[in-house]
Protein chains: 4
Amino acid sequence: MIKIMSDAMKSVRIAAMEELIGTEIKVLDKGFVRLIDYMGDDAAIVQAARVSYGAGTKTVNEDAGLINYLMRHRHTSPFEMCEIKLHVKMPIFIARQWLRHRTANVNELSGRYSVINNESYLPEIEELCVQSKGNKQGRDVQIAEERAKQIQQYMQDHANETFEQYDNMINNDNLARELSRITLPQSTYTEMYWKIDLHNLLHFISLRNKPNAQKEIRDFADVIAEQIVKIWVPHSYNAFMNYKMNAVTFSGVEMAELSQLLDKEKISAFIEANSKAKGELREMCEKLQAMLNKQ
Amino acid sequence: MIKIMSDAMKSVRIAAMEELIGTEIKVLDKGFVRLIDYMGDDAAIVQAARVSYGAGTKTVNEDAGLINYLMRHRHTSPFEMCEIKLHVKMPIFIARQWLRHRTANVNELSGRYSVINNESYLPEIEELCVQSKGNKQGRDVQIAEERAKQIQQYMQDHANETFEQYDNMINNDNLARELSRITLPQSTYTEMYWKIDLHNLLHFISLRNKPNAQKEIRDFADVIAEQIVKIWVPHSYNAFMNYKMNAVTFSGVEMAELSQLLDKEKISAFIEANSKAKGELREMCEKLQAMLNKQ
Amino acid sequence: MIKIMSDAMKSVRIAAMEELIGTEIKVLDKGFVRLIDYMGDDAAIVQAARVSYGAGTKTVNEDAGLINYLMRHRHTSPFEMCEIKLHVKMPIFIARQWLRHRTANVNELSGRYSVINNESYLPEIEELCVQSKGNKQGRDVQIAEERAKQIQQYMQDHANETFEQYDNMINNDNLARELSRITLPQSTYTEMYWKIDLHNLLHFISLRNKPNAQKEIRDFADVIAEQIVKIWVPHSYNAFMNYKMNAVTFSGVEMAELSQLLDKEKISAFIEANSKAKGELREMCEKLQAMLNKQ
Amino acid sequence: MIKIMSDAMKSVRIAAMEELIGTEIKVLDKGFVRLIDYMGDDAAIVQAARVSYGAGTKTVNEDAGLINYLMRHRHTSPFEMCEIKLHVKMPIFIARQWLRHRTANVNELSGRYSVINNESYLPEIEELCVQSKGNKQGRDVQIAEERAKQIQQYMQDHANETFEQYDNMINNDNLARELSRITLPQSTYTEMYWKIDLHNLLHFISLRNKPNAQKEIRDFADVIAEQIVKIWVPHSYNAFMNYKMNAVTFSGVEMAELSQLLDKEKISAFIEANSKAKGELREMCEKLQAMLNKQ
């Protein structure tokens, strides 16, 4: 990671992030994510963690190792020491899911102050899918293409006609903006400045980039994770992927079942081979030993 | 305030609140506020405050007086010791303002799980007002009644037609609910369980029951204040009205101006008459004396 | 669970919780946890969840099943619909760990308003343990009993002498309370009213009742979990134990390792035997299948 | 305000803040406030506010004017768009007041991980004051100097002896750090990284830099306000001073009293002279008119 430094400046800026600032990363048909500003980097997380640990941490002295340790053991507060500010444009039905995350700062476009532009989300044909049966909140396979095209056309026409009447009420009738906008569809685009700390951003990604989140917000979460967080705090990103996104949790009941499905010899061999391991590998051996004990 | 007590029960319930539980208090054309549950009362605020003050508070021993003192001096934490849970039904454009208050617990109807009913807010004729000039986010006088009726009719027809297509997509095409709903207007009714502590509820009321809030959310805030809070915690309600809602704040610059507009003699007389006052009256004299000193 | 109902009352109270109200459950040598009030029960969680799910949830209709589902899939907001208020007395060094949980309401005894009683935490002999090497923040085996007794005696004498001087400064010198108290040890007992929703309470327990938390706060967390939460919301308590406290998480890297340690035949048999399972068992099969695929 | 810009950098840094980074600003005898990082400036507040206002704000187009407007009308969210990170060292009894502000991110030195240095707050002779009678939580005049010196000496000796025993338990007995530290006085210095947004920082200052806050935390709040915030966001600082710190609020009851104490003629003249005023002056006239109407 290349950092920008200058004589007049004591704070450190990340070159790749500076380059990203201001660029609209397109999401959906008319939305975007745009980096506005950021505070801190992987080193800032380590720096704050070391205040807590003080003289007691001489052995956990590699930065990436410490970040892994913090992520693994749910020491979340150091990740709150980084902050990011994004300008995001998304449909209102997505904004409503987004703003359920309360630990963030928000300034959203107001339909009371401003005249709203005729911009609404029009799903691609391949997104027009039937209701999922397994996932009560999701979608399944595409509906027949012929009909999908009609539906898409309807959505487009409906939005255009609704905005036409909106403009009419705003301009010809001078009807208050706060009333004229109530007919606009939930697919109408809105935008906001959104500022959040890294811990809560990762939590957002973990909830909104998982299969049962709505596809449209997954697209945003994915862009933020892969095109911003990964560049901003690469060590934390890796730790997050390994310990959160790709991790699998078994309940107490499931652990008892799983214990019966292990190859006892292989496990004993694994534990023996790693009997003097430290850190993560030792923790793995402890989990395995506990499973052996249940057999 | 009548309290319900029984041998099997150590907690105290307020008779008038028990009666209110479950009743839909109508707001707007199809919305409501419905009390679900509550924790604490005026006495609970005092009880918690006395933990902080301990032996040090022998002289502030009247409950209403202590509540006034706490409200006046921004000792907000005791008011957080009361909690209320409401079931609220409101249009989506109001829900979006509502949920900007982050310090609350929310379970809202999900358009991904559920089929949405054809219920949308239809403003009364007299609510269809022109854009305000002074208040960029508000409305002013009514528009011509003839045209208002047409607009109201349009809003009704527009909602009906949109919901007809929604039902069609849901039932005939089996289009996923999370997609079908994106065309529905922002006037569509939603509902939620909303749980909040008294301090944050009063803050909500102070922001949403003021003239520059949108009329439709003012209606909700007003119902909550006058028909629920007033019954639940009458002392706190009174203190809130006097020290927050009916209070007037003058900036530093305005105070300098105001100091020039006072009747010096009357003020000196007032201060002298109350020279031995305690508590609130003493504080008033101090404010007046500071103004005299600026003349 | 026996519920108390009466004609004058629409809210439901839990008999066992009513009995508990006001009782000091002793923790450590002089501390306690005392139930003050509560809002909601397991049914209130289900009730709020059903607002979100609406008509879409006909198949998930058993309450315990729904609570399990919510806990398993991190649908945390319905658990925020229950609230509890406790009166807790604990040493200051524990209060400082406690108050790092920010999503709670607090009224703590103030050393500025009140004269502090001579009450400080004196560890039992068997608690006086040497510094742990593995756990940089924990303790290991007991130190020699002879020396432990001396240390305990020192701690007692030190507290008594410090409080004697404190009383002296307060009573003889009339030194301001806010200054006199600065010499008092961190073992000094404080007390607070603490109000928190169930979701955040469970999070508190999951962090403070785990092996690397300080033994003294574990004692409090354990009492709250076993003697209060378990009585209050038994279904949620069970779900929490199974899906959180007794659950084991394997990182992405660990899952790859674990995949090599399974008995392939047993797993295939397990999956086949449960090929038509629903809900949790289906999810277990999916996890196992993913592991098989990695072999 | 001089801003640092470079070709490789799109974000803007404030020269005076860069200079400040890393410098310990001394507070009390051994404490400090040290700027670590910051995000945003006055312009960032305006930038975020304009997202909300969009096309609707052509007339409120001066930045300082907009900041004044936002502060005056409690539009707090744009002020949340700035963030600051400080390294602060303060006595534990102050840290405990500090951390009651929950909307902040914190990493504090842990007495479980680290050996604590022998550093405790020793009040100056002139700070050793008698208990205030009017302000139950405050101090009044100095106690007799002779005795003050004795008390100061006692505090010093007490801290030294306590730390000597602490070192003894840590080094000779290898008693766990988490136990050894419980005897240390509340005057012991701790340190933390503390990150907070500007809105909540101003709220912190407004509560902690007022006369009834403890003198020692006022010192910190004052340094943060005068030596950091004033440099960082000068327009916001001015608005905060005028509309919050130097503002005076009169309750509903007080306003009725005050209305009787005005010079009616002067007020009428003031209103007439400013009859065509806009913005703030118009608002002042409205407040005065309301008072006239009460006479």
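Reckoned from all heavy atoms, side chains included, excluding hydrogens, waters and symmetry mates. So you know, we letter chains A, B, ... as the sequences are listed, proteins then strands, and number each from 1.
- With chain D as the partner, the residue from C/T188, C/I151, C/L179 showing the most heavy-atom pairs under 4.5 Å is C/L179.
- Under the 30°/60° scheme for interplanar angles, the aromatic rings of D/W194 and D/F204 are found to be tilted.
- For chain C, the nearby part of D/R147 is the side chain; its heavy atoms alone come within less than 4.5 Å.
- Heavy atoms closer than 4.5 Å to chain C are found nowhere in D/A148, neither backbone nor side chain.
- Contact annotation for C/I143: only side-chain heavy atoms (C-beta onward) come within less than 4.5 Å of a heavy atom of chain D.
- Ranked by non-hydrogen atom pairs under 4.5 Å with chain D, the options C/G138, C/A159, C/C129 are led by C/C129.
- Taking the six-membered ring for Trp and thresholds of 30 and 60 degrees, C/F32 and C/H87 have ring planes more than 60 degrees apart, a perpendicular arrangement.
- Results of the side-chain contact (heavy atoms from CB on, under 4.5 Å) test with C/Y189 over C/L28, C/I116, C/N117 single out C/L28 as the only residue that passes.
- Heavy-atom distances place no part of C/N172 under 4.5 Å from chain D, backbone and side chain included.
- When the candidates C/R139, C/K215, C/R102, C/Q214 are compared by the number of heavy-atom contacts under 4.5 Å with chain D, C/Q214 comes out ahead.
- Interface residue C/R100: only side-chain heavy atoms are found under 4.5 Å from chain D.
- Side-chain contact annotation: D/D37 with D/Y193, donor-acceptor N/O pair under 3.5 Å absent.
- Of the atoms belonging to D/T183, heavy atoms from both backbone and side chain fall under 4.5 Å from chain C.
- Between chain C and the options D/P185, D/S180, D/A176, the largest number of non-hydrogen pairs under 4.5 Å is found for D/A176.
- C/L86 places a side-chain heavy atom less than 4.5 Å from the side chain of C/I228.
- Contacts between C/E127 and chain D at a heavy-atom distance below 4.5 Å involve the backbone alone (N, CA, C, O).
- By the 30° and 60° cut-offs, the orientation of the rings of D/F163 relative to D/Y166 is perpendicular.
- Between C/F93 and C/Y121, the ring planes are tilted. Angles from 30° to 60° get that label.
- Interface remark: C/N168 contributes side-chain atoms only to the contact with chain D (heavy atom separation under 4.5 Å).
- Considering only heavy-atom pairs separated by less than 4.5 Å from chain C, the leading option among D/E216, D/H101, D/E108, D/Q97 is D/E108.
- Test D/E191, D/E119, D/E24 against D/K89 for side-chain hydrogen bond (donor to acceptor under 3.5 Å, both in side chains) and you get one pass: D/E119.
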